[in-house]
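This report refers to the structure that appears directly beneath it.
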There are 2 protein chains.
Amino acid sequence: MRKDSRLSRMLHVLIHMNQLDAPATSEKIASMLNTNPVVVRRTMAGLRDKGYVTSVKGHGGGWSLAMALSDITLLDIHNALGESSVFTIGLSDEHTSCPIEIAVNQAISDVLIEAEALLLERFREVTLDVLAAGFADYPLNQQASSGE
Amino acid sequence: MRKDSRLSRMLHVLIHMNQLDAPATSEKIASMLNTNPVVVRRTMAGLRDKGYVTSVKGHGGGWSLAMALSDITLLDIHNALGESSVFTIGLSDEHTSCPIEIAVNQAISDVLIEAEALLLERFREVTLDVLAAGFADYPLNQQASSGE
DNA sequence: TTTCATGTAACTTATGATGTTATTTAATAT
DNA sequence: ATATTAAATAACATCATAAGTTACATGAAA
């Protein structure tokens, strides 16, 4: 079944953008992701609408972060991408008044709702600054510098 | 994004099969699901391989339950359908040695693993007999009969 | 005023699940 | 025996939809 890797890709891009001092063009982002500038604009548009990035046209234009990585969570980006459900599992709808179908769908739905709630809660707990530099260079994991 | 409703549909079918005294043909199951007999065989084949149903060729043949509904869980059927992942969310793989991509994928993966574990645990707790008759006719929910 | 870059609509391609046809195998009824 | 029924399976066709592409408009800076 098809997978949507936009969340992973956009997080990757946002963290790299944080290390740049100039806007990143859709062209550059696209070549980094082995994809197309229009696809990048399409996807980034959702993040811009929610205020996480800004876009500027013309010379020297492109995409920039609109806030600190520490102010953005995985959940923020997940929501901004606007995917309806995180599950490949769906419900049947051939006999919506059949008590068996209703019971089956209710049971599955209960589980999906609980699992999705956990997933979103965990996404909400992770900010992008924690992911930056791939943990390795992050203060807590360093051996040297900053004295003690 | 596409949804896979095979779990819901197969559970629905299995519970109905429990109420029949003769095998259900792929033809009958297909018309109940508004689909095709070959698709039914394809899907039921997975359940047969795991021992939940049996199939018989020829006159009077078709599909039958191989065990009590109380011995089958949602997890059993989910596993028998052999879907790789329950999530639409995937990881990126453009720069597998980039520490940022690694960190991002690790963070997402951690969450998916935890959420999937919860989902499978919940699926494991539900047996098909509990879904039968749509709760409404189930002993605990009945007002009348059986004395008391 | 030329160049660069986003914004967006319209269209094409790719992928994978589902649906279909055709043929083989096997079990039962006549 | 043999006709009928139904699963098993291979091969192919269709469909849905995400991703990719082309084309053109808008707007900002050199």
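In what follows, chains are A, B, ... by sequence order, proteins preceding strands, each numbered from 1. Values below: every heavy atom of this structure, side chains too, minus hydrogens, waters and symmetry copies.
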Could you list all N or O pairs between the protein and nucleotides 17-23 of chain D that sit under 3.5 Å apart?
{"unit_1": "dA18(D)", "atom_1": "OP1", "unit_2": "M1(B)", "atom_2": "N", "d": "2.6"}
{"unit_1": "dG20(D)", "atom_1": "OP2", "unit_2": "T35(A)", "atom_2": "OG1", "d": "2.5"}
{"unit_1": "dG20(D)", "atom_1": "N7", "unit_2": "R42(A)", "atom_2": "NH1", "d": "3.2"}
{"unit_1": "dG20(D)", "atom_1": "O6", "unit_2": "R42(A)", "atom_2": "NH2", "d": "2.9"}
{"unit_1": "dT21(D)", "atom_1": "OP2", "unit_2": "N36(A)", "atom_2": "ND2", "d": "3.1"}
{"unit_1": "dT21(D)", "atom_1": "O4", "unit_2": "R42(A)", "atom_2": "NH2", "d": "2.9"}

Tell me: CZ of R48(A) to C1' of dG7(C), nearest whole Å? 8 Å

Distance check: side-chain N/O of S26(B) vs OP1/OP2 of dA7(D), anything under 4.0 Å? yes

Would you say the side-chain atoms of T88(A) pair up with the backbone N or O of S85(B), donor to acceptor, closer than 3.5 Å? yes

Do side-chain atoms of D49(A) reach the backbone of G46(A) as a donor and acceptor pair under 3.5 angstrom? no

Could you give the distance from CE (M17(B)) to CE (M44(B)), rounded to the nearest 0.5 Å? 4.5 Å

Nearest 0.5 Å, what's the CG-OG distance between N36(B) and S31(B)? 11.5 Å

Hydrophobic clustering (ILVMFWY, side-chain heavy atoms < 4.5 Å, transitive) - are V111(A) and L81(B) grouped together? yes

Residue set satisfying ring pair (Phe, Tyr, Trp, His ring centres under 6.0 Å) with H59(A), at least two apart, ordered chain then number -> none

Test log, rule side chain to side chain contact (heavy atoms under 4.5 Å, CB included), inputs F123(B) and L7(B): CA-CA 11 Å; F123(B) 275 177; L7(B) 176 62; 3.8 Å; yes

In B/S/- notation (B base, S sugar-phosphate only, - none; protein heavy atoms under 4.0 Å), nucleotides 25-30 of chain C written 5' to 3' is BBBB--

Taking everything shown except E27(A) itself, do over 12 heavy atoms lie less than 6.0 Å from its CD? no

